[in-house]
Amino acid sequence: MGSLFLPGDSWLHRLPGGLKLGLLAMLGGALMWVHDWRLLMLALAVVSTLLWQTGLSVAMLWSRVRGLFWLLLALMLYTLVVQSAEHAIALGLRVTTLLLAALVVSVSTSISQLMTVVLWLLQPLERLGWVDTQRVALAFGLTLRLIPELSLQWHDIREAQAARGLSANPLTMAVPMLLRTIRRAQEIAEAIDARG
Amino acid sequence: MLIEFKNVSVERDGRSVLRRVHLSLTQRRIGVLGPNGSGKSTFIRLLNGLLLPQEGQVLVQGLDTRKEVSRIRSKIGFVFQNPDNQIVFPVVSEDIDFGLKRREPNPKVRADLARQALEQVGVPHLAERLVHTLSGGERQLVALAAVLAVQPEILVFDEPTTQLDLSLRNRFEQLLQGLPQPAIVVSHDLELLRGMERVLVLRDGLVVLDAPPNDAIAWYVEHCA
């Protein structure tokens, strides 16, 4: 698994990150009040078109959402059993629309753009002298950057243990994961220091 | 380049990793050689204040690493062994831009500097690529471009060829020869070190030989292989 961001030059890539995040938040709020499946279908169609405009292929889309797809299916099945087919469909459409809308933002917004948003949001706190916004924004950017790396690291450790005939035990996974993460954090901090 | 080590000693975890190093570095190309654990990494980390000596003093162009670390780091470009630790952002151009932000406020000038640096190392086509899709060699070149973009006065390389295949390694050697800045290179790549003007051999935290490359390499092969 790599970064969710997809470099590109679409009009969505050029929109300010803050605007995209604001619209996503508004869409999320609005969808909670919509129960008509036809309106939800319309929203899904609009969001799918936006996603297509970012240049994301179907294969790349599937690689980014497949983990959540099975979770969504389970949720819909549960809703079908305890409520009704109508509720299950509305839930599926609503969550899929939100998921794809979040993906539109993730795919078209670089970490630098997100850091700019964090800097802007934290400005009032900096004026009060409570936080160093540059440091917080860098920590935020690094966290986003390292999430996919941690996933790869987990996969590497699992593979190495499987090669030794060990089953997937959370404890035996957690220890090397923690040690490697700490060492990696120290090395990255050193490299950032060296860059001035 | 003028870097001075004045009776420098370093201890880590109660163990002496560098002992009474006293020398001046003035040549354009200096190699550092030694077995694993001999103190090479410690030696180069002293150059830009990533480590500070317990005893003695390190001066870079007259600036003390204890007092002027920020100024020294703006003069020294450090290329790490593992480019994954050095590259902070997921897109190549974004990462180079990050290093330039503190020096250049104009985004267009930064973009130009990034492009020039990528051209200098021969990979301008990687500018908009995601870092995790690059090969190890390409990442190493991108890490070097990120360092060159900020136009440092001195370059320090920690095992720069370990992740490169033969073709990229040869390209790196040519590139190193053509760089205008003085460079200090820690490496086990003996052929690369033959192109240096002076090679220091470290063993058990001591500089055991300070000689022209052929003499230093012959000694190393005889005593440390």
Side-chain angles (χ1 to χ4, degrees), chain A residues 1-10 13-14 17 55-56 60 63-64 106-116 119 132-135 137-153 155-156 180-196, chain B residues 41 44-52 68-103 107 110-111 126-134 143 146-152 155-158:
Chain A
M1 180 187 162
S3 165
L4 288 175
F5 176 61
L6 181 73
D9 194 32
S10 71
H13 283 83
R14 289 193 296 272
L56 192 73
M60 287 192 281
S63 75
R64 283 162 167 81
S106 304
V107 163
S108 65
T109 311
S110 67
I111 286 185
S112 299
Q113 282 179 302
L114 290 174
M115 282 170 65
T116 307
L119 282 172
D132 179 340
T133 52
Q134 294 287 348
R135 277 175 188 269
L138 180 61
F140 176 77
L142 274 175
T143 306
L144 290 182
R145 156 88 168 88
L146 289 176
I147 289 169
E149 299 267 343
L150 292 176
S151 161
L152 283 175
Q153 193 169 296
H155 180 259
D156 283 352
R180 280 177 66 164
T181 305
I182 290 170
R183 194 176 61 195
R184 185 83 202 278
Q186 286 171 335
E187 288 169 347
I188 290 173
E190 188 182 51
I192 290 174
D193 275 348
R195 289 175 81 168
Chain B
S41 293
I44 54 170
R45 276 163 176 74
L46 288 165
L47 297 172
N48 65 350
L50 286 173
L51 283 176
L52 294 173
E68 308 266 9
V69 73
S70 181
R71 284 180 69 191
I72 289 171
R73 284 181 186 163
S74 69
K75 288 174 182 287
I76 294 184
F78 201 112
V79 182
F80 287 82
Q81 182 178 3
N82 183 356
D84 286 341
N85 294 334
Q86 187 161 349
I87 300 172
V88 177
F89 286 86
V91 183
V92 169
S93 56
E94 211 179 10
D95 186 75
I96 299 179
D97 189 67
F98 165 70
L100 287 164
K101 268 182 182 164
R102 291 185 66 177
R103 293 166 174 83
R110 291 205 302 268
L126 300 183
E128 294 311 317
R129 286 274 300 275
L130 287 165
V131 172
H132 77 271
T133 64
L134 305 179
V147 167
L148 292 177
V150 298
Q151 300 172 331
L155 291 165
V156 178
F157 295 91
D158 188 4

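Chain identifiers are assigned alphabetically (A, B, ...) following the order of the sequence lines, protein sequences preceding nucleic acid strands; residue numbering begins at 1 within each chain. Since this is a predicted model, take the numbers as computed values, not measurements.
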For [X], which atoms come within 4.5 Å of any heavy atom of chain A: side chain, backbone, both, or neither?
X	answer
B/I72	neither
B/F89	both
B/D158	neither
B/V88	both

Open item on the list: Can you tell me how far apart CZ (B/F98) and CD1 (A/I192) are? Round to the nearest 0.5 Å.
Closed with: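 Nearest 0.5 Å value for the CZ-CD1 distance: 5.0 Å.
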Open item on the list: With rounding to the nearest 0.5 angstrom, report the CG to CD1 distance, B/D84 to A/I188.
Closed with: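 So the gap between those two atoms works out to 8.5 Å.
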TODO: Tell me, out of B/L50, B/V69, B/N48, who's got the most heavy-atom pairs with chain A below 4.5 Å.
DONE: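 Option with the greatest count: B/L50.
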Open item on the list: Looking at A/I111, is its backbone amide N or carbonyl O close enough to the side chain of B/E94 to form a donor-acceptor pair, meaning the two atoms are under 3.5 Å apart?
Closed with: yes
Open item on the list: Can you confirm whether B/R102 is buried at CZ, in the sense that more than 12 heavy atoms of other residues, nucleotides or ligands lie under 6.0 Å from that atom?
Closed with: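 It does not: B/R102 CZ has 12 such atoms or fewer within range.
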- [ ] State whether the number of non-hydrogen atoms from other residues, nucleotides or ligands found under 6.0 Å of A/R14 atom CZ is greater than 12.
- [x] yes
Task: Distance-minimising heavy-atom pair for A/P7 and B/V91 - done: CG-CG2, 4.0 Å
Task: chain B interface, residue from A/E187, A/E190, A/Q134 that has the most non-hydrogen pairs under 4.5 Å - done: A/E190
